[in-house]
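Chain letters run A, B, ... following the sequence lines, proteins first and then strands; every chain starts at 1. Predicted model only: the values in this text are computed from it and were never measured.
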Number of protein chains: 2
Amino acid sequence: MPRADAARNRRSVLDAASAELAAHGLDVSIARIAARAGVAKGTVFNHFPSKEDLVAEIFGDRVAGLVAVGEDLRDAVDPGSALLRFMTAGIELHANDRSFCEAAASISRADPRVRNASEGLAQVAEDLTGRARRAGVIRDDVTGHDIVLLFNAAAQAAAPLGDTVPDLWRRYLHLIFDGLRPEAARQLPVAAPTTEDFNTAARHAQASTRDQRTRNR
Amino acid sequence: MPRADAARNRRSVLDAASAELAAHGLDVSIARIAARAGVAKGTVFNHFPSKEDLVAEIFGDRVAGLVAVGEDLRDAVDPGSALLRFMTAGIELHANDRSFCEAAASISRADPRVRNASEGLAQVAEDLTGRARRAGVIRDDVTGHDIVLLFNAAAQAAAPLGDTVPDLWRRYLHLIFDGLRPEAARQLPVAAPTTEDFNTAARHAQASTRDQRTRNR
DNA sequence: ACCTGAACACCGTTCAAGT
DNA sequence: ACCTGAACACCGTTCAAGT
C-alpha cells in the first residue's frame with residue numbers, strides 16, 4: 001500500500017515526463033521533468049529505476065492506447081477503411097509526440113511493458129490486416145507486422161518537415177497504402193518478419209546496452 | 001597552408017569518427033573518437049568547432065557520394081530500374097551506418113555542407129523521377145522530394161530489425177515502389193513538399209537549437 | 001600554428017541524511 | 001516508507017600552457 005504523497009508524486013512525475021517528452025523529445029533532462037513535477041531529482045529515481053524505465057512506462061501506455069483503438073476497429077463495417085484508420089491513429093501518435101518517433105526507433109523491447117504492448121499491437125494489427133486481406137482490399141503477402149512497420153515508416157518520412165507541413169504524413173500514408181493494394185502487387189524479394197524475428201532483435205538490443213554499460217566502467 | 005601534422009590529424013579524426021559513428025551511432029563520445037584517432041580530445045575541437053559540425057561534415061560527404069551515384073544513373077537505359085537502383089543506394093547508406101539513420105532524422109540543414117549536399121540530392125532525385133514519370137513507370141503526382149523522403153522511410157521501417165533480418169529493407173522498398181506505380185494510383189490528400197518547405201524547416205531547426213543553448217545558460 | 005590536458009557546466013544516477 | 005540534495009562519473013566544450 002503506497003503512501004498518499006508517494007502516489008501523488010508518481011502521477012506528477014508521469015504527467016510532467018509525458019508532456020516534456022512530447023514537446024522536446026527523448027533528450028529532455030530529468031532535472032526539467034522533476035522541476036515541472038515539483039519534486040527533487042532523486043524522487044524521480046525513487047519511482048523509476050532509470051530514465052529508460054520511465055520512458056518505457058510512458059511508451060507502453062501510448063502503445064496500449066493504440067491497441068484499444070485497433071480493437072474498436074475490428075468490428076467496423078469496411079475492413080479497408082478500418083485498416084487505414086488504424087494506421088492513421090498510429091501515425092498521429094508520432095505526429096503529436098516528438099519522443100514517440102525517437103523511442104519507436106530506439107526503445108528496447110526487453111522491458112515487459114514495452115513487450116506486452118508491442119505484442120498486443122502486433123495481434124490487433126494482424127486481426128485488422130487479415131480482415132482486409134480476406135476482403136480483397138489489400139494484397140495477400142502483407143502481414144500485421146508489415147503494417148506496424150509501415151505506418152512507422154510513413155511517420156518517419158514526414159518527420160523532417162513535421163513543423164512546416166504538419167499533415168504531410170497523410171500523403172505518405174496514402175502513397176504507401178496504394179502500394180498495399182492488389183492492383184500494383186509484384187513479388188516481394190524478402191519474406192515478412194516473424195514474431196520470432198522481433199524477439200531476437202529485442203535480445204540483441206538488451207545485450208548491446210549491457211555491453212555499453214560495462215565498457216564505461 | 002596547413003601544417004603537415006595538422007592535415008594528418010584532421011584525416012585521422014575524420015576516419016575515426018566515420019568508423020565509430022557507423023558502428024555505434026550519434027551517441028559515441030568525442031573521447032572515443034579521439035582515442036581511436038590517436039589525438040587528444042582538444043585536437044578534435046581544434047579541427048571541428050563542435051560535435052555537430054563534425055557529424056555534418058561526414059553526413060555531407062555520404063550524401064555527396066549518393067548524389068554521384070544518382071548522376072551516373074541519369075543515363076541508364078531503363079528509367080524505372082535506374083530510379084529503383086538510386087533508392088537502393090540511398091537505403092544502403094542507412095543500412096551500413098547506424099549514425100546515418102539518426103542523422104537523417106535529426107540533422108539541421110543550417111550547415112552549408114549539409115544544405116549543399118541535400119540540394120544536390122533533391123536535384124538528382126528530381127531528374128531521375130522526371131525520367132521515370134515521363135516513361136510512364138511511376139505515377140505522375142510523385143516528385144523527387146517524395147522519393148528522397150520515401151527511401152528514408154523504407155530504411156527506417158526496417159531499422160528496428162536491422163541486425164536480425166539484414167535485408168528486410170528490400171521488402172519495404174519494393175512495397176513502397178509498388179505504391180509508386182500508376183496502376184494503383186489514387187488521389188493523394190496532401191500536395192508534395194516544395195523546396196521552400198525544406199528551407200523553412202531548416203530555419204526552424206536552427207532557431208530551436210539556438211533556443212536550447214540559450215535556455216541552458 | 002597547432003597540440004595537450006586540466007577545468008567547466010552539464011548530464012544520469014546513487015545514497016546518506018532527514019521526515 | 002518516502003523525500004531531499006549533495007556527491008559521483010560521465011559528457012561536450014573551452015582555454016592557458018606548451019612545442
Side-chain angles (χ1 to χ4, degrees), chain A residues 1-17 20-21 24-58 99 102-103 106-108 111 209-217, chain B residues 1-17 20-21 24-58 99 102-103 106-108 111 209-217:
Chain A
M1 175 66 109
R3 235 164 59 181
D5 58 342
R8 213 178 331 115
N9 279 338
R10 199 187 132 90
R11 258 268 62 87
S12 301
V13 168
L14 276 173
D15 291 342
E20 289 290 331
L21 284 167
H24 303 294
L26 289 183
D27 280 345
V28 277
S29 69
I30 295 287
R32 246 183 106 90
I33 292 170
R36 180 169 185 143
V39 300
K41 246 180 6 169
T43 302
V44 175
F45 289 95
N46 211 322
H47 288 280
F48 305 95
S50 69
K51 185 182 181 180
E52 209 185 331
D53 185 273
L54 173 58
V55 171
E57 170 99 19
I58 290 173
S99 73
E102 301 165 21
S106 75
I107 208 166
S108 160
D111 185 283
T209 39
R210 184 159 15 85
D211 288 353
Q212 202 159 354
R213 267 202 305 276
T214 311
R215 178 170 7 104
N216 288 345
R217 278 206 210 105
Chain B
M1 175 64 112
R3 234 163 60 179
D5 58 342
R8 213 177 332 114
N9 281 338
R10 199 188 131 89
R11 259 265 63 87
S12 301
V13 169
L14 276 173
D15 291 342
E20 290 290 332
L21 284 167
H24 304 293
L26 289 183
D27 279 346
V28 278
S29 69
I30 295 287
R32 245 183 108 87
I33 293 170
R36 180 170 186 142
V39 300
K41 248 182 2 171
T43 302
V44 175
F45 289 95
N46 211 323
H47 290 280
F48 305 95
S50 69
K51 185 182 182 180
E52 209 185 331
D53 185 274
L54 172 58
V55 170
E57 169 99 19
I58 290 173
S99 73
E102 301 165 20
S106 74
I107 208 166
S108 161
D111 185 284
T209 38
R210 183 158 16 84
D211 289 354
Q212 203 159 352
R213 269 201 304 278
T214 312
R215 176 169 10 102
N216 288 346
R217 277 203 211 106

Short N/O separations, protein against nucleotides 16-18 of chain D, under 3.5 angstrom:
none

For A/N46 and B/L26, take the nucleotide of DNA chain D holding the closest heavy atom to each; which residue's nucleotide lies nearer the 5' end?
A/N46

Tightest non-hydrogen contact, residues B/V13 and B/I33, listed as O-CG2, 4.1 Å

Which heavy atom in B/S108 sits nearest to a heavy atom in B/E52, and how many Å separate them?
CB-OE2, 4.4 Å

Run the salt bridge (Lys or Arg N to Asp or Glu O under 4.0 Å) test against B/E57 and tell me which residues pass, sequence neighbours left out.
B/R10, B/R113

Counting only side-chain N and O atoms of B/H47, is one of them less than 4.0 Å from OP1 or OP2 of C/dC2?
no

Distance, rounded to the nearest Å, where [X] contributes [atom1] and [N] contributes [atom2]:
| X | N | atom1 | atom2 | result |
| --- | --- | --- | --- | --- |
| A/I30 | D/dT4 | CD1 | C1' | 16 Å |
| B/E52 | D/dG12 | CD | P | 13 Å |
| B/F48 | C/dC2 | CZ | P | 13 Å |
| A/R8 | D/dC2 | CZ | P | 13 Å |
| A/D27 | C/dC10 | CG | C1' | 13 Å |

With a 4.5 Å cut-off on side-chain heavy atoms, are A/F48 and A/V55 touching?
no

Please tell me if the side chains of B/P49 and B/L54 come closer than 4.5 Å, counting only heavy atoms from C-beta onward.
no

What is the nucleic acid contact for B/V44, judged by heavy atoms within less than 4.0 Å: base, sugar-phosphate only, or nothing?
nothing

Can you name the residues that form a side chain to side chain contact (heavy atoms under 4.5 Å, CB included) with B/D15, not counting sequence neighbours?
B/R11

Non-neighbouring partners of B/E20 that pass side chain to side chain donor-acceptor pair (under 3.5 Å), sequence neighbours left out:
B/R32, B/R36

Among [options], the one nearest [X] by side-chain distance:
| X | options | answer |
| --- | --- | --- |
| B/K51 | C/dC11, D/dG12, C/dT13 | D/dG12 |
| A/R3 | D/dC11, C/dC2, D/dA1 | D/dA1 |
| B/D5 | C/dC3, D/dG12, C/dT4 | C/dC3 |
| B/F45 | D/dT14, C/dC3, D/dC3 | D/dT14 |

Spatial distance of atom CG (B/N9) from atom CG (B/L14) [nearest 0.5 Å]:
11.0 Å

Drop me the distance from B/S99's OG to B/I107's CD1, to the nearest 0.5 angstrom.
8.5 Å

For DNA chain D, consecutive-pair runs of 3 or more (Watson-Crick or G-U wobble, both H-bond-type distances under 3.5 Å) give C:4-8 with D:12-16, C:12-16 with D:4-8

Under 3.5 Å between N/O atoms: give me all the protein pairs with nucleotides 5-8 of chain D, atom names plus distance.
none

Sorted by first residue and then second, give each side-chain hydrogen bond (donor to acceptor under 3.5 Å, both in side chains) pair with at least one member in residues 38-50 of chain A; sequence neighbours left out.
none

Main-chain N/O of B/L26 paired to B/K51 side chain as donor or acceptor, under 3.5 Å:
yes

